[in-house]
Amino acid sequence: MSEIIKIRRRILQENDHKASQLREQFKNEGTLVVDLVSSPGSGKTTLLEKTIQHFSERLDCAVLVGDVATELDANRLQAAGAPAHQIVTGGACHLDAHLVAAGLEQANFDEVDMLFLENVGNLVCPTSYDLGEDFKVVLLSAAEGEDKPAKYPAIFTRAAVCLITKSDLFPYVDFDLDVARQNIKAHNPNCRILELSAKTGAGMDAWCNLVKERLKVKRTVVV
Amino acid sequence: MHETGIALEVFRSALESARAEAGQQVRLKSIRVSIGDRSAVDPNLLEHAWQSIVIGTRHDGAELKVKWCPSRRYCPSCHKTKDSSLGSWLPICPDCGDAIEIDGGLELDLDLVEFDVASPLTKRPNFSRTDHNKNV
Ligand SMILES: Nc1nc2c(ncn2[C@@H]2O[C@H](COP(=O)(O)OP(=O)(O)OP(=O)(O)O)[C@@H](O)[C@H]2O)c(=O)[nH]1
Ligand SMILES: [Mg+2]
Ligand SMILES: [Zn+2]
């Protein structure tokens with residue numbers, strides 16, 4: 001005997017449900033949560049090291065960092081002065097809301113002003129997963145080429161901010177900044193685009209001001 | 001390759017729904033999902049992932065049917081609806097270059113589950129919360 005039942009539910013309903021719980025929790029705690037996504041090696045950890053140092057005296061930051069293997073990134077971030085916890089995904093190519101919730105439980109951070117989620121290096125898979133963040137940031141490093149927004153459009157469509165990183169390399173890699181900007185804007189006209197170099201510090205102030213502003217807005221909006 | 005994780009989630013919730021309806025002895029027969037063209041999920045990869053999940057279990061042979069859902073793209077300058085097969089990601093009219101309005105295409109839904117209420121368990125499907133995230 002065979003039966004058919006209608007379901008009509010989001011496939012990622014459980015993830016979305018967990019993400020809403022996290023978002024509510026972050027709202028109550030007044031914590032700004034930023035999800036950083038990029039291909040491997042675009043400079044997420046380096047950016048966070050410098051961001052943590054920038055805010056060290058003024059704001060409390062913490063980082064949950066996802067990698068397929070090793071605790072290297074969490075060690076680097078701790079050395080930079082912030083509580084950091086490594087989520088070793090053991091194969092998964094992205095963070096999901098359950099991994100973030102479990103990571104937070106294990107990390108047991110004190111309440112912080114800003115929580116950064118460094119996603120697993122991957123431009124495709126993290127796109128579909130809501131982590132309860134305030135916004136997603138996509139990093140595009142100079143050496144990757146300006147065509148990446150056209151080739152991996154989904155994440156560029158959904159990120160609120162795009163950071164063009166390693167700007168100190170522009171002269172060496174023939175990176176066409178105008179084309180890169182056009183490619184990003186074509187997919188996402190509302191995307192904030194900033195260029196920076198975590199190495200030289202160029203553009204870091206603009207990035208840090210952006211997150212600080214977003215934190216301020218989050219805390220003044222009374223819902 | 002997050003399609004594996006998505007397929008596992010489909011499998012888990014389809015089985016849960018079927019069992020809630022007809023008990024533990026159900027055997028999945030066919031599942032229908034809706035996938036939008038802007039959902040960042042590849043339907044072929046999803047079907048492959050599905051096959052690798054059900055193979056060798058009592059649900060071996062269960063079919064995953066994907067209903068492909070193109071986004072609706074309308075150009076207010078041309079007053080026309082545009083073909084969504086071409087560069088669906090760009091919110092730009094392929095004819096006049098103006099900004100177009102895009103609607104839909106974000107579907108990622110489990111729609112229908114068809115199952116048999118049949119023979120006793122031969123082999124347990126291998127899934128758990130941690131396995132959901134083991135992608136290849
Ligand atoms: N020249 C230059 N190199 C940089 C910059 N930022 C990062 N790098 C280098 O790029 C490499 C990768 O940087 P990471 O910060 O580890 O990149 P990631 O995105 O965290 O990498 P995964 O976590 O493995 O995905 C390292 O060798 C960094 O030193 C920069 O602004 N300029
Ligand atoms: Mg890193
Ligand atoms: Zn037009």
Side-chain angles (χ1 to χ4, degrees), chain A residues 1-18 37 66 68 87-103 119-120 122-130 149-159 182-191, chain B residues 1-14 16-18 20-22 26-42 45-46 87-92 97 99 102 105-118 129-136:
Chain A
M1 191 187 70
S2 142
E3 282 184 45
I4 297 187
I5 45 175
K6 278 202 181 117
I7 312 272
R8 283 227 72 84
R9 52 168 271 188
R10 300 283 298 167
I11 292 172
L12 295 178
Q13 179 175 295
E14 279 204 3
N15 184 80
D16 294 348
H17 181 67
K18 193 83 210 168
V37 179
V68 172
I87 300 174
V88 178
T89 66
C93 44
H94 57 269
L95 293 178
D96 65 34
H98 289 93
L99 284 172
V100 169
N119 222 309
V120 182
N122 187 316
L123 267 185
V124 182
C125 306
T127 314
S128 311
Y129 293 84
D130 184 3
K151 289 183 180 171
Y152 300 90
I155 186 63
F156 287 90
T157 307
R158 290 180 198 180
Q182 279 163 24
N183 277 337
I184 298 160
K185 284 284 178 195
H187 287 95
N188 184 352
N190 300 321
C191 191
Chain B
M1 205 353 222
H2 62 313
E3 280 77 3
T4 307
I6 307 262
L8 273 163
E9 200 63 20
V10 170
F11 180 71
R12 200 193 52 71
S13 38
E16 187 184 282
S17 307
E21 196 76 13
V26 294
R27 196 175 67 80
L28 297 177
K29 212 168 151 188
S30 86
I31 313 293
R32 201 189 78 195
V33 294
S34 289
I35 307 293
D37 62 354
R38 296 195 299 146
S39 69
V41 169
D42 182 290
L45 291 178
L46 189 64
S88 291
W89 291 96
L90 273 183
I92 291 173
I102 302 186
L106 296 171
E107 293 83 354
L108 208 52
D109 301 326
L110 175 58
D111 299 333
L112 295 174
V113 178
E114 186 180 10
F115 54 90
D116 287 329
V117 184
R129 178 70 228 165
T130 41
D131 278 351
H132 291 175
N133 301 307
K134 294 248 177 346
N135 297 343
V136 264

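Values below: every heavy atom of this structure, side chains too, minus hydrogens, waters and symmetry copies. The chains referred to below are lettered A, B, ... by the order of the sequence lines, with proteins before strands, and numbering in each begins at 1. As the structure is a computational prediction, the values presented were derived from the model and not from experiment.
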Between [X] and chain A, which part of the residue has a heavy atom less than 4.5 Å away: side chain, backbone, both or neither?
X	value
S39(B)	backbone
I35(B)	side chain
A99(B)	neither

Please report the interatomic distance [atom1]([X]) to [atom2]([Y]), rounded to the nearest 0.5 Å.
X	Y	atom1	atom2	value
T157(A)	L90(B)	OG1	CG	8.5 Å
L110(B)	L12(A)	CG	CG	11.0 Å
L46(B)	I11(A)	CG	CD1	6.5 Å
D96(A)	H2(B)	CG	NE2	12.0 Å
S128(A)	E3(B)	OG	CD	8.0 Å
R10(A)	L106(B)	CZ	CG	7.5 Å

- With respect to chain B, which residue among A150(A), P189(A), A154(A) yields the maximal number of heavy-atom pairs within a distance under 4.5 Å?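 Of the options given, most contacts go to A154(A).
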- Task: Answer yes when D111(B) and R8(A) have at least one side-chain N-carboxylate O distance shorter than 4.0 Å, and no when they do not.
- Result: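 Salt bridge flag = yes for R8(A) with D111(B).
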- Task: Determine whether Q13(A) and S13(B) make a side-chain contact, defined as any pair of heavy atoms from C-beta on separated by less than 4.5 Å.
- Result: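 With C-beta onward as the side chain, the pair stays apart.
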- Least distance between heavy atoms, I5(A) atom then S17(B) atom: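 Here I5(A) and S17(B) meet closest at CD1-O, 3.7 Å.
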